[in-house]
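In this text the structure is predicted, and so the values were computed from the model without any measurement. As a basis for the values below, the full set of heavy atoms in this structure was taken, side chains included, without hydrogen atoms, waters or symmetry mates.
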Amino acid sequence: MSKIIWITGASSGIGEALVYQYFKSGDKLIISGRNRDELFRVKSNCQNSFNVHVFPFDLSETAILQQKAADAVKIFGKIDVLINAGGVSQRSLMLDTNLETEQRIMNTNFWGTSVLSKSVLPGMMENGSGHIVVISSLVGKFGTKLRSAYAASKHALHGYFDSLRSEIVDQNIHITIVCPGFIKTNVSINALVGDGSNQGVMDNAQENGMSAMECAKQIVTALNQKKEEVYIGGKETKAVWLKRFFPRYFSKRIKNAQVT
């Protein structure tokens, strides 16, 4: 049976790749992001795309998100799966990053995701089922240089949605937190530097990372299995286990790591 899936961050990267994966499955899609033209480009890549609805808005504008969620529900009548793939990264030292930029990162990555999820959750509970997906990051499990606000926003997602999962354990609603590592997307190009402008450069690690399409395939598999948390990428995913079981060794390695 087809599902109604709302994907934020759908104009590029992992979000775009997820659109194509679910479109092939015959699901009805609501695709969101800031760039209306790019969303229509994604829609145009889906043949017979009458089941793909373009719904643009800016996740960082938290005051409008409850109404946007209400409007999204009206498109097909309900939301079965919300995939929170929208977000923005960072490439600047903490002391060089102005407060406005830090707030924009938190608004986009944490508040945008939490407000949309909180807004669609009552409808899922009324329908008796649902799935909320949070695209976090390996940096949601540990911090690195140049990503202080970004790491904070992703850590916040884990605390918020782990807590929510325990609160709705008897509601037949699943929560999956996805932690990608180095995926070949424009995330580093679009990453914010201290003054809020884009870095404009592709990191070497992203350039040589897993393809967005392979990442999306692994995410779909994890969601079908109703996994609570999944790490996707290459050898960088081992850092999660290093930090857990060998924290002092990990701390030394991460302090000396050459990150961009």
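The distance from atom CD1 of Ile219 to atom CD1 of Ile83, rounded to the nearest 0.5 Å, is 7.5 Å. The distance from atom OG1 of Thr62 to atom CH2 of Trp111, rounded to the nearest 0.5 Å, is 8.5 Å. The CD1 atom of Ile175 sits 7.5 Å away from atom OG of Ser117, with the distance rounded to the nearest 0.5 Å. To the nearest 0.5 Å, atom CD of residue Gln90 and atom CG of residue Leu93 are 9.0 Å apart. Rounded to the nearest 0.5 angstrom, Leu29 CG and Cys46 SG are separated by 7.0 Å. With rounding to the nearest 0.5 angstrom, the CZ atom of Phe161 is 11.5 Å from the CD atom of Glu167.
For the side chain to side chain donor-acceptor pair (under 3.5 Å) with Ser153, the lone residue among Asn109, Thr108, Asn107 that qualifies is Asn109. Across Ser89, Pro180, Ser12, Ser137, a single residue satisfies side chain to side chain contact (heavy atoms under 4.5 Å, CB included) together with Val187, and that is Ser89.
Residues Val54 and Ile5 share a hydrophobic cluster, clusters being chains of Ile/Leu/Val/Met/Phe/Trp/Tyr side chains in contact below 4.5 Å. In the hydrophobic cluster analysis, where Ile, Leu, Val, Met, Phe, Trp and Tyr join through side-chain heavy atoms closer than 4.5 angstrom, Val81 is grouped together with Leu18. In the hydrophobic clustering of this structure, Phe40 groups with Val19; members are Ile, Leu, Val, Met, Phe, Trp, Tyr whose side-chain heavy atoms approach within less than 4.5 Å, directly or through other members. Linking ILVMFWY residues whenever their side-chain heavy atoms come closer than 4.5 Å, directly or via other members, places Leu157 and Ile168 in the same cluster. One hydrophobic cluster holds both Phe110 and Leu65 under the rule that ILVMFWY side chains link at heavy-atom gaps under 4.5 Å.
Using modelled atom types and a 3.5 Å distance limit, the side chains of Ser32 and Thr8 yield no donor-acceptor pair.
In this structure, Glu236 contributes its side chain and Phe182 its backbone to a donor-acceptor pair below 3.5 Å. In this structure, Arg147 contributes its side chain and Lys145 its backbone to a donor-acceptor pair below 3.5 Å. Here the side chain of Ser49 pairs no donor or acceptor atom with the backbone of Val52 at under 3.5 angstrom. Put simply, the side chain of Arg91 never gets that close to the backbone of Gly194: no donor and acceptor are under 3.5 Å apart. A donor-acceptor pair under 3.5 Å is absent between the side-chain atoms of Asn51 and the main chain of Lys28, judged by distance alone. When atom types are taken as modelled, the side chain of Asn35 and the backbone of Glu38 share a donor-acceptor pair closer than 3.5 angstrom. Of the possible donor and acceptor atoms, none in the side chain of Gln206 sits under 3.5 Å from a partner among the backbone N and O of Thr185. Put simply, the side chain of Asp96 never gets that close to the backbone of Ser92: no donor and acceptor are under 3.5 Å apart. Distance alone, capped at 3.5 Å, is enough to place a donor-acceptor pair between the Asn98 side chain and the Thr101 backbone. Although no hydrogens or angles enter the test, the distance criterion places a donor-acceptor pair under 3.5 Å between the side chain of Asp195 and the main chain of Ser197.
Inter-residue side-chain proximity for Leu146 and Thr144 is flagged as unmet; no heavy-atom pair is nearer than 4.5 Å. The shortest side-chain heavy-atom distance between Tyr249 and Leu242 falls under the 4.5 Å cut-off. Under the 4.5 Å side-chain criterion, counting only non-hydrogen atoms from C-beta, Ile177 is in contact with Asp162. Gln218 has its side chain out of reach of Thr221: every pair of non-hydrogen atoms, C-beta onward, lies at least 4.5 Å apart. For the pair Asn84 and Leu82, the minimum side-chain heavy-atom distance is below 4.5 Å. At a threshold of 4.5 Å between non-hydrogen side-chain atoms, the residues Leu39 and Val42 do not count as touching. You'll find the side chain of Glu228 stays beyond 4.5 Å of the side chain of Val230, heavy atoms only. The shortest side-chain heavy-atom distance between Val88 and Leu192 falls under the 4.5 Å cut-off.
Surrounding CD of Gln171 are more than 12 heavy atoms belonging to other residues, nucleotides or ligands, all under 6.0 Å away. The number of heavy atoms from other shown groups lying within 6.0 Å of CZ (Arg253) does not exceed 12. Atom CZ of Arg165 has more than 12 neighbouring heavy atoms from other residues, nucleotides or ligands inside a 6.0 Å radius. Within 6.0 Å of NZ on Lys43 lie more than 12 heavy atoms contributed by other residues, nucleotides or ligands. Within a 6.0 Å sphere centred on NZ of Lys141, other residues, nucleotides and ligands contribute more than 12 heavy atoms. For Lys226, the NZ atom counts as densely surrounded, since its 6.0 Å shell holds more than 12 non-hydrogen atoms of other residues, nucleotides or ligands.
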Exercise for the section: Given side-chain hydrogen bond (donor to acceptor under 3.5 Å, both in side chains), test Gln67 with Asp71 step by step and report yes or no. Expected result: CA-CA 6 Å; Gln67 184 58 53; Asp71 293 341; 2.9 Å; yes
Exercise for the section: Take Lys184 and Met210 through the test side-chain contact (heavy atoms from CB on, under 4.5 Å) and record every step on the way to the result. Expected result: CA-CA 6 Å; Lys184 190 174 181 180; Met210 176 186 288; over 6 Å; no
Practice task
May I have the step-by-step check of salt bridge (Lys or Arg N to Asp or Glu O under 4.0 Å) for Lys68 and Glu61, ending in yes or no?
Solution key: CA-CA 11 Å; Lys68 290 296 181 182; Glu61 297 179 0; over 6 Å; no
Handout entry: Pair Tyr160-Lys118, side-chain contact (heavy atoms from CB on, under 4.5 Å): steps then yes or no
Key = CA-CA 11 Å; Tyr160 190 90; Lys118 190 171 187 174; 4.0 Å; yes
Practice task
With side-chain contact (heavy atoms from CB on, under 4.5 Å) as the test, would you mind laying out the steps for Glu214 and Ser211 before giving the verdict?
Solution key: CA-CA 5 Å; Glu214 175 59 29; Ser211 72; 3.3 Å; yes
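Between Phe76 and His53, the two ring planes are perpendicular [angle over 60°; tilted spans 30° to 60°].
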Anything under 3.5 Å between a donor and an acceptor, one on a side chain of residues 119-135, the other on a protein residue two or more places apart or in another chain? List them.
unit_1	atom_1	unit_2	atom_2	d
Ser119	OG	Val115	O	2.7
Asn127	ND2	Gly123	O	3.1
His131	NE2	Thr176	OG1	2.8

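The distance between the ring centers of Trp241 and Tyr231 falls below 6.0 angstrom.
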